[in-house]
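Chain identifiers are assigned alphabetically (A, B, ...) following the order of the sequence lines, protein sequences preceding nucleic acid strands; residue numbering begins at 1 within each chain.
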2 protein chains.
Amino acid sequence: MINQHYGKIPPAYLFSEVATRVKQYQDEHPSAEILRLGIGDVTRPLAAAVADTLQRAASEQATTIGFRGYGPEQGYLFLREAIVAGEYAPLGAPISPDEIFVGDGSKTDTAGIQELFAADATVAVSDPVYPVYVDSNALSGRLGECTNGRWDNLTYLECTEENDYRPSIPETPVDLVYLCSPNNPTGTTLSRENLERWVDWARATGAVILFDVAYRAFIKDDSVPRSIYEIPGAEEVAIEFGSFSKTAGFTGLRCSWTVVPRALHRDGASLHTMWSRRHATKFNGTPYIVQRAAEAIYSEAGSRQVQTDLDYYLRNAGLIRDALLNNGVPAVGGLNSPYVWFRCPGGLDSWTFFDALLQEAQIVGTPGVGFGPAGADHFRLSAFGSYEDTREAVTRLAAIIPTYSPSLIRSEN
Amino acid sequence: MINQHYGKIPPAYLFSEVATRVKQYQDEHPSAEILRLGIGDVTRPLAAAVADTLQRAASEQATTIGFRGYGPEQGYLFLREAIVAGEYAPLGAPISPDEIFVGDGSKTDTAGIQELFAADATVAVSDPVYPVYVDSNALSGRLGECTNGRWDNLTYLECTEENDYRPSIPETPVDLVYLCSPNNPTGTTLSRENLERWVDWARATGAVILFDVAYRAFIKDDSVPRSIYEIPGAEEVAIEFGSFSKTAGFTGLRCSWTVVPRALHRDGASLHTMWSRRHATKFNGTPYIVQRAAEAIYSEAGSRQVQTDLDYYLRNAGLIRDALLNNGVPAVGGLNSPYVWFRCPGGLDSWTFFDALLQEAQIVGTPGVGFGPAGADHFRLSAFGSYEDTREAVTRLAAIIPTYSPSLIRSEN
């Protein structure tokens, strides 16, 4: 009677294993100052404009006249209009408020979207990848069996030094492909030319692109697309997922959006109608006060405050990136992204390098194997710590990396 | 490539059709004072203790030291402990905080729970029923085809005058049964003896009971169970869904809980482990500030304020119930529940009675057919309006009902 696919998925032990190893080290070295560059969570407090709005909306809710119960199923129009005005209109992307669905987080939205597709729909993901894309399909039984961390009905698009850590178009057709730019975990971005190729391919094959732009606010380079809908015709092939989590520190507040264009049809059905049905049946809306808080990031004060925090993290990212590159480690990301990704020095696997970095530099990072088979010898560092910690971390990195990369050091002599 | 089951589900037109007919009537009768007794949403503002807590938590989030990002996957321990202390310990129900999962609404939780079960798991629901139980299973393809509002792979447990509007145990085995007490839409409750029979049956057959107690805070009669875990052994057969929506006016704030006991296993698997996996993969937590607000309803001031609002609605429910009974309409519910349910007077079907009530008494209710085939000649009135509107409504009901029930009037002469 149970869904047997749950038993096929390996335990999600990455972050708990990280926590266990860190705790053990801290217990054995109580005076060690451990620097956490593993976290994928923000640390800067909520912007004043956001907190003020939350407080105002909460007090409004305590009055008979201001009280709001169930909201509109797609989200309040004031927020859907603000998202279009703030995120899409400036790009010339042809998205209307009616095509925006307000959600409570990109994890929920990207995990739920596969429900619109058949049990035998075929799926491709980048490797390495944000694990939710894979796990949500696995739980629905779409991926077959998992052996040594590899699902037999999943197309892995390897991202390595050879392709600049950008996925190549699948050689055999697939129904669904998940793309994420700026990427978690690699920090790389897809160029306009990359995206045009993906859209062309999807238009030719009928595939649907599931495009995750949770980190789009980190893009500083105007030549990098912030939305797939900057590419003409994408509205017939792509669903896009945006989030306030990393943009404005909403990881504890929970607000996101999904764009399902009216022009997107498959097998004669409107995916907009289907997602609307799914949204109304399995979700009951993001809190009104949170939707008001999200709207506030588009105010003059809100956008300035949010940008200050983004710049703070980007400065950290630059420090990490530079420390690695200056020490001969060919890192990617860290520009237009809070994540830096690199092959572990000295040919180490990612857990061995994790232990080395913890024990010899008291730095916590994230082993790449947690993001897929292609991450087994890679590592992720994140820019979400404090500036002071990041400064100290890059000093320690500069001291330790040469000891793990004797060949690199020699080549510089 | 798409999920074809979406195309099988009839459009969810009930409330939009209600809105359309009300708008048309109002346009044609601009001066009519329409009283809305159809809504299933609360109208009282947030309790002061809740709003104050929200404001405090929001300002805490605007400080570096007080900021909280991603929370614990199952919900904050402070809230899980408060739920156990406030909802389960007083009943002697053997539930621990580790068995509580904090969610963002009972709709989300009751819609998601079916994902733990096989595609061919068999399902029973009461008829009438909260539509989400049915629709979520239909979208997953578990119910076959729908003809005239009836799914061919769904067991309907009819609730009629003959069985006091309480579902009877299915004659043929099923894997899952959804029960709701106090019930939406009928307002009836299951007695301890009823629940003991359900638990015995589930223990004997291996069925899992999905028990929805979203309206439990309306129970004033201490002989009525507030949790299925008041019945010994239920922790091996039942999952329970609780909500802050109707308890404390959280319909716009979004917080709920699901209890999956450690003792609940099927096919050798722990349903607790499975739900934990589903929760962590497809959900990213209820906002921290909302979890703090939910905790506040268990404070001395919070519980007093919340009880005042519950009593306000219950007074309305009593007025509606009495107005019907006193006019010869054998209504149920309205005690221990905000809903009153009755067979439409004069043998009318539920849409015809809807129109009659709107046109001749300017009262909006909910046609029973929206809750399933057995509701086709029944009607729901809700107690969530204002006291003043409800008083006026029952005066109008007393005036109009006799005109639709000539036989009842005659029998009283």
Task: Spatial distance of atom OG (A:Ser270) from atom OH (B:Tyr6) [nearest 0.5 Å] - done: 12.5 Å

TODO: Check whether B:Leu139 gets within reach of chain A through its side chain, its backbone, both or neither, counting any heavy atom under 4.5 Å.
DONE: side chain

Task: Selection from A:Gln4, A:His5, A:Arg278, A:Arg56 maximising heavy-atom pairs under 4.5 Å formed with chain B - done: A:Arg278

Task: Heavy-atom contact with chain A under 4.5 Å, split by part of B:Ala62 - done: both

Task: From CD (A:Gln114) to CG (B:Asn3), nearest 0.5 Å - done: 9.5 Å

Task: Interface moiety of A:Thr43 toward chain B, non-hydrogen atoms closer than 4.5 Å - done: backbone

Open item on the list: Going by salt bridge (charged side-chain N to carboxylate O under 4.0 Å, His left out), name the residues that satisfy it together with A:Arg277, two or more places apart in sequence or in a different chain.
Closed with: B:Asp135

Open item on the list: Which heavy atom of A:Pro287 sits nearest to which heavy atom of B:Val290, and what is that distance?
Closed with: CG-CG2, 4.4 Å

Open item on the list: How long is the straight-line distance from CG of B:Leu46 back to OG1 of A:Thr64, given to the nearest 0.5 Å?
Closed with: 11.0 Å

Task: Heavy-atom pair count under 4.5 Å with chain A, highest-scoring of B:Gly252, B:Pro131, B:Ser59 - done: B:Gly252

Task: Top contributor to chain B interface from A:Ala280, A:Ala119, A:Gly66 [non-hydrogen pairs under 4.5 Å] - done: A:Ala280

TODO: Decide yes or no for B:Glu115 and A:Lys282: does some side-chain heavy atom of the first lie under 4.5 Å from some side-chain heavy atom of the second?
DONE: yes

- [ ] Could you tell me whether the side chain of A:Asn284 reaches within less than 4.5 Å of the side chain of B:Asp104, counting heavy atoms only?
- [x] no

- [ ] Identify which of A:Ser136, A:Gly285, A:Ala293 forms the greatest number of heavy-atom pairs closer than 4.5 Å to chain B.
- [x] A:Gly285

Open item on the list: Quick check: under 4.5 Å, non-hydrogen atoms only, which of residues 67-76 of chain A neighbour chain B?
Closed with: A:Phe67, A:Arg68, A:Gly69, A:Tyr70

Task: Per-residue contact mode, B:Leu271 against chain A (heavy atom under 4.5 angstrom) - done: side chain

Task: Option that, when pairs with chain A are counted at under 4.5 Å, heavy atom only, ranks first among B:Leu54, B:Val132, B:Leu116, B:Thr63 - done: B:Leu116

Open item on the list: Shorter than 4.5 Å, heavy atoms on both sides: which option in B:Asp41, B:Ile9, B:Asp175, B:Thr108 has the most such pairs with chain A?
Closed with: B:Asp41

Open item on the list: Among A:Arg44, A:Met274, A:Met1, which residue has the highest count of heavy-atom pairs closer than 4.5 Å to chain B?
Closed with: A:Met1

Task: Inter-residue atom distance B:Phe250.CZ - A:Gln61.CD, 0.5 Å rounding - done: 10.5 Å

Open item on the list: If we ignore hydrogens and angles and just use 3.5 Å, is the side chain of A:Asp267 paired with the main-chain N or O of B:Ile2 as donor and acceptor?
Closed with: yes

TODO: Select one option (side chain, backbone, both, neither) describing which atoms of A:Ile65 are under 4.5 Å from chain B's heavy atoms.
DONE: neither

